Structures are given as C-alpha cells and as structure tokens.
Amino acid sequence: FPSIFLSKVGAFVRPDECYTGLSSSIDGVMYAVDGRLEAYPNLIAELQLRDTPSRVQVVEMLKKLRCREASPACAEACVALLQEAAKDGELLKNNSFLAEMRAPDTANTLRPLHQLVINDAPWILARVNTGDVLHIAHRRLGANRGLARALRMRYLSEAVVEEV
C-alpha cells in the first residue's frame, strides 16, 4: 500500500485507515483526511478512500478500541463509531455484537455496555454507591437517547432500586 502523509498526525498512514467524511481521528485506528484532499478526486479514487468506514470496518475499529487507555479523544471517537454502527439496524440486533462492544463512561474509560447507565436521575446518583457494577455513560451517549436505546442501555432510574 502507498502511504498518505497527514500533517495533523505528523506521520504517514495507510489509505485503508483514512476517511474523507470523519471529523476526528484515533491514532492507529482511523484518520480523518484533511478537506484539502477533496480538490484531487482522482487521487481519492486511486487511493480508494472512503467517506466513512463500512459496517465491518466499524466493528473492527470498535474492537481495536477495547484495549485503549481512557482519553477524551478516544471516547469521542468511540461514540462516533457507535453512531455509525447504529445506522445499521441489523448490526444492533446482533446480541453477540452488543455483548462484545464497549462504550465510554464519564471518565472516558471504555466499559461493557451492560455496565453503563444513562444518568436520567442525578439525585439518585448522589445517594447511591454504584461501585464497579454500574458506571455513568459518557455525556454524548446520554445526550443521544436514540443511540442509547439502540445500544440497549438502561437508565439509572431503572437500574437502581431505592428502599426507604
């Protein structure tokens, strides 16, 4: 494969890791190509650059992210990839896919989906210790209720039972 030099990254990367329609990059996983390249459609065609990753590529990228350290950039990219995955309704009907996937919590740590909850009741959170059982989902997941539903995430108010 030829390589593309991306000035934002300061390195040469493989074309199959580059996309013209992405707004953010994750080192070693996917790279957003500078808009200046759009002035060269023949080059884009020759390098076979895609606008966004395919379904298979999204799944592979999400798997690569599983072992990444917590960082805001990684969390943002993970949410973007999950949004891409959510466009494929069949993919999200696959229980094994959902069991394997991870999403970021408020500390940008990637957690299994079944451990994440949407914080719809902050007053409950102030009164309970969720320990290592439950983690509050990243703010972008909480703000995107459609994505949270597609990922079968629970709400805090449903996951916690308070007794008086």
Side-chain angles (χ1 to χ4, degrees), residues 6 8-10 13 16-35 50-164:
L6 295 178
K8 288 181 183 178
V9 179
V13 296
D16 63 336
E17 296 176 331
C18 298
Y19 301 93
T20 57
L22 297 180
S23 58
S24 62
S25 299
I26 309 171
D27 286 342
V29 179
M30 67 177 192
Y31 299 94
V33 175
D34 192 312
R50 297 177 57 132
D51 186 45
T52 57
S54 69
R55 169 185 166 179
V56 172
Q57 289 169 318
V58 167
V59 170
E60 290 306 311
M61 289 175 190
L62 285 166
K63 286 179 183 177
K64 283 183 183 180
L65 284 175
R66 287 176 63 172
C67 12
R68 291 297 179 108
E69 292 181 24
S71 75
C74 184
E76 291 288 330
C78 182
V79 172
L81 285 171
L82 288 168
Q83 287 171 327
E84 283 298 317
K87 292 177 185 176
D88 185 341
E90 290 303 310
L91 183 61
L92 294 181
K93 291 178 185 173
N94 183 333
N95 289 331
S96 63
F97 169 78
L98 290 171
E100 280 185 59
M101 286 306 100
R102 305 240 183 309
D105 64 10
T106 54
N108 299 317
T109 301
L110 299 182
R111 307 255 181 214
L113 290 173
H114 70 272
Q115 290 182 358
L116 294 170
V117 292
I118 303 299
N119 187 8
D120 65 329
W123 58 91
I124 293 175
L125 187 60
R127 296 192 304 249
V128 297
N129 178 8
T130 58
D132 283 337
V133 179
L134 293 178
H135 301 275
I136 304 302
H138 189 273
R139 61 179 169 71
R140 283 196 48 212
L141 289 171
N144 188 336
R145 301 292 171 131
L147 177 59
R149 267 193 302 281
L151 294 172
R152 300 183 198 162
M153 295 177 72
R154 298 175 295 163
Y155 292 98
L156 179 63
S157 60
E158 299 168 342
V160 174
V161 176
E162 284 189 287
E163 293 180 2
V164 184

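In this text the structure is predicted, and so the values were computed from the model without any measurement. Numbering of residues begins at 1 and proceeds along the displayed sequence.
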Is a side-chain N or O of [X] found less than 3.5 angstrom from the main chain of [Y], in a donor-acceptor match?
X    : Y    : answer
R154 : H114 : yes
D120 : Y155 : no
D105 : A137 : no

**Request:** Apply side chain to side chain contact (heavy atoms under 4.5 Å, CB included) to the pair N144 and Q83, showing each step before the final yes or no.
**Result:** CA-CA 9 Å; N144 188 336; Q83 287 171 327; 3.3 Å; yes

Are any of the side-chain heavy atoms of [X] and [Y] separated by less than 4.5 Å?
X    : Y    : result
M30  : E17  : no
P104 : T109 : no
L6   : C18  : yes
Q115 : H135 : yes
I118 : R145 : yes
I136 : L116 : no

**Message:** Does L81 form a side chain to side chain contact (heavy atoms under 4.5 Å, CB included) with Q57? I'd like the steps, not just the answer.
**Reply:** CA-CA 10 Å; L81 285 171; Q57 289 169 318; over 6 Å; no

Shortest non-hydrogen contact from [X] toward [Y]:
X    : Y    : answer
A103 : L113 : CB-CD2, 3.6 Å
N119 : L156 : OD1-CD2, 3.5 Å
P112 : R102 : N-CD, 3.7 Å

**Message:** Just verifying a value: how many Å separate L82 CG and M153 CE, rounded to the nearest 0.5 Å?
**Reply:**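 Interatomic distance, L82 CG to M153 CE, rounded to 0.5 Å: 9.0 Å.
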
**Item:** Distance in Å, C74 SG paired with N108 CG, rounded so as to fall on 0.5 Å steps
**Value:**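 One gets 8.5 Å once the value is rounded to the nearest 0.5 Å.
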
**Complete:** Hits for side chain to side chain contact (heavy atoms under 4.5 Å, CB included) against R139, two or more places apart or cross-chain, chain-then-number order -> E76

**Request:** Test side chain to side chain contact (heavy atoms under 4.5 Å, CB included) on V79 and H138 and set out the steps.
**Result:** CA-CA 9 Å; V79 172; H138 189 273; 4.2 Å; yes

**Asked** Passes side chain to side chain contact (heavy atoms under 4.5 Å, CB included), L151 versus L141? Steps please.
**Response** CA-CA 10 Å; L151 294 172; L141 289 171; 4.2 Å; yes

